[in-house]
Amino acid sequence: MYRPTWIEVDREAIAHNVREVKQRIGDEELMAVVKADGYGHGAVTVAETALENGATMIAVALLEEAIELREAGILAPILMLEALAPEHVAVASNYDVAVPVFSAEWLRAARMHLTDVDLLRLHIKVDSGMGRLGLQTLEELEALLDAVDPETMQLDGIYTHFATADELDSELFEKQQATFLKFVEAAPDLRYIHAANSAGALRLLPDNGPFNLVRLGIAMYGALPSDQMMAYYDFLKPAFGLKSQLVQAKRVEPGQTISYGATYTAERAEWIGTVPIGYADGWSRRFQGYSLIVDGQPCEIVGRVCMDRLMIRLPGEYPVGTEVTLIGEGAPLDEAAHWLGTINYELLCQFSKRVPREIR
Ligand SMILES: *Cc1c(COP(=O)(O)O)cnc(C)c1O
């Protein structure tokens with residue numbers, strides 16, 4: 001690593017979060033959701049850490065992401081969550097990656113691409129009210145069950161996804177549960193019945209239904225699905241940090257302007273630090289005015305954020321090499337996400353590949 005800007009991934013925090021959730025869900029299995037390169041933390045590291053600490057299964061969005069894990073030697077069951085075109089099912093079967101299924105027509109097309117050496121693992125996906133992916137009627141379920149070819153396909157599970165599990169007084173959350181249970185009853189006995197994401201994981205325990213698997217994403221990384229979830233997740237430790245170092249610190253005279261467009265003018269003699277991170281790294285231009293932490297003190301980003309660097313107003317003179325915290329102690333992830341008008345999920349997965357991940 002040559003550049004002094006890096007993402008710090010706290011493996012012990014991930015391990016802690018997984019163990020704590022696993023302890024609370026009891027006999028339910030824990031599926032670690034590592035899509036989008038483990039929410040920006042590095043999918044292989046996160047998957048390995050989760051599996052060593054109580055997770056037994058892995059979820060990704062894409063077949064590409066599943067293959068990356070298999071090639072890194074991960075043997076645990078993997079479910080991909082995105083729809084797969086029928087012409088690619090033999091690849092999923094070769095890598096032993098389970099695929100969501102929600103239409104009989106898709107199954108009939110998939111069958112044409114499988115030979116008798118294949119065994120395609122499937123989880124039936126029910127759209128119980130999210131409106132995104134899944135079958136919507138019991139008739140569709142029946143047709144789907146009829147189209148399964150037992151020689152080349154195996155139904156491993158049935159699942160759904162909630163739109164409002166992170167809102168404590170949501171009627172839709174209850175309604176989706178009731179809808180999903182109707183599909184579970186109409187389906188044959190399947191190994192895995194799952195509905196909960198992080199927000200649902202500690203709200204939907206086995207007492208609430210036949211659930212035996214939780215799909216844990218954001219909480220594993222130590223971030224909250226929403227502020228309301230603090231009631232369930234007061235034990236989380238954040239795993240993500242973003243750090244850099246000053247590459248220059250200079251005194252500027254009153255009247256001097258900073259960065260493109262000269263949008264900031266020093267009012268008095270000031271110390272300005274240059275930090276080597278910019279929007280090409282995923283640190284948005286909209287962070288102008290936001291504060292980073294140097295030596296425990298907030299330092300405002302002054303002037304426009306450039307492609308590769310930005311400037312901050314320092315409380316005094318600091319040497320080149322002084323550490324700057326963009327996300328971490330004193331600069332919480334959620335605060336940065338709120339500044340951008342988005343959620344922690346989006347911020348975590350927007351950092352580009354050119355920011356190295358340092359696993360601690
Ligand atoms: C991303 C995803 C999850 C994980 O959600 P979190 O809120 O991060 O826990 C679970 N299930 C599905 C279908 C997903 O797409």
Side-chain angles (χ1 to χ4, degrees), residues 13-14 17-18 20-22 24-25 28-41 43 46-47 50 54-63 65-66 69 77-84 97-102 122-135 156-168 170 172-173 176-177 180 183 192-204 211-230 232-233 235-236 238-240 333-334 337 342-350:
I14 295 170
N17 298 330
V18 171
E20 292 287 323
V21 172
K22 176 61 188 145
R24 285 164 175 79
I25 62 176
E28 283 188 274
E29 286 192 51
L30 195 153
M31 175 182 263
V33 181
V34 303
K35 62 196 182 191
D37 200 22
Y39 292 38
H41 296 65
V46 175
T56 48
M57 300 173 83
I58 300 291
V60 292
L62 312 178
L63 186 52
E65 295 175 322
L69 298 178
I78 299 178
L79 169 65
M80 60 172 284
L81 299 167
E82 190 45 81
L84 184 68
V97 174
V99 175
V101 58
F102 44 88
L122 298 165
H123 287 234
I124 300 168
K125 178 69 197 289
V126 178
D127 177 5
S128 59
M130 171 78 178
R132 188 168 69 177
L133 205 64
L135 48 83
D156 279 350
I158 183 166
Y159 74 110
T160 196
H161 191 57
F162 294 118
T164 58
D166 62 337
E167 297 171 25
L168 291 178
S170 161
L172 181 57
F173 180 59
Q176 283 197 259
Q177 285 175 58
F180 179 54
F183 285 86
Y192 292 109
I193 301 170
H194 48 121
N197 50 4
S198 296
L202 303 185
R203 300 183 69 186
L204 263 192
F211 311 108
N212 55 18
L213 172 66
V214 153
R215 302 186 304 271
L216 193 72
I218 197 80
M220 179 169 60
Y221 305 98
L224 287 174
S226 73
D227 290 344
Q228 289 188 20
M229 287 294 119
M230 194 58 196
Y232 292 93
Y233 278 117
F235 55 86
L236 294 180
F240 191 92
L333 170 70
D334 285 356
T342 185
I343 53 172
N344 48 22
Y345 294 78
E346 186 182 11
L347 183 53
L348 282 176
C349 53
Q350 79 181 28

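Whatever order the structure lists ligands and atoms in, that order sets their numbers, starting from 1.
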Point to revise | Partner residues of D334 under the salt bridge (Lys or Arg N to Asp or Glu O under 4.0 Å) criterion, sequence neighbours left out | key: none

Check your understanding: Does the ring centre of H41 sit less than 6.0 Å away from the ring centre of Y221?
Key -> yes

Practice item. Return the orientation label for the H194 and Y192 ring planes: parallel under 30°, perpendicular over 60°, tilted otherwise. Key: perpendicular

**Study point:** Within the protein, residues bringing a heavy atom under 4.0 Å of ligand 1, chain by chain
**Key:** V33, K35, Y39, L81, R132, H161, N197, S198, R215, G217, I218, Y345

Check your understanding: Can you list the residues that meet the salt bridge (Lys or Arg N to Asp or Glu O under 4.0 Å) rule with E65, with sequence neighbours excluded?
Key -> none

Check your understanding: Is the Y159 ring parallel, tilted or perpendicular to the H123 ring (thresholds 30°, 60°)?
Key -> perpendicular

Revision key, fill the gap. For R203, the side chain to side chain donor-acceptor pair (under 3.5 Å) test, sequence neighbours excluded, returns none

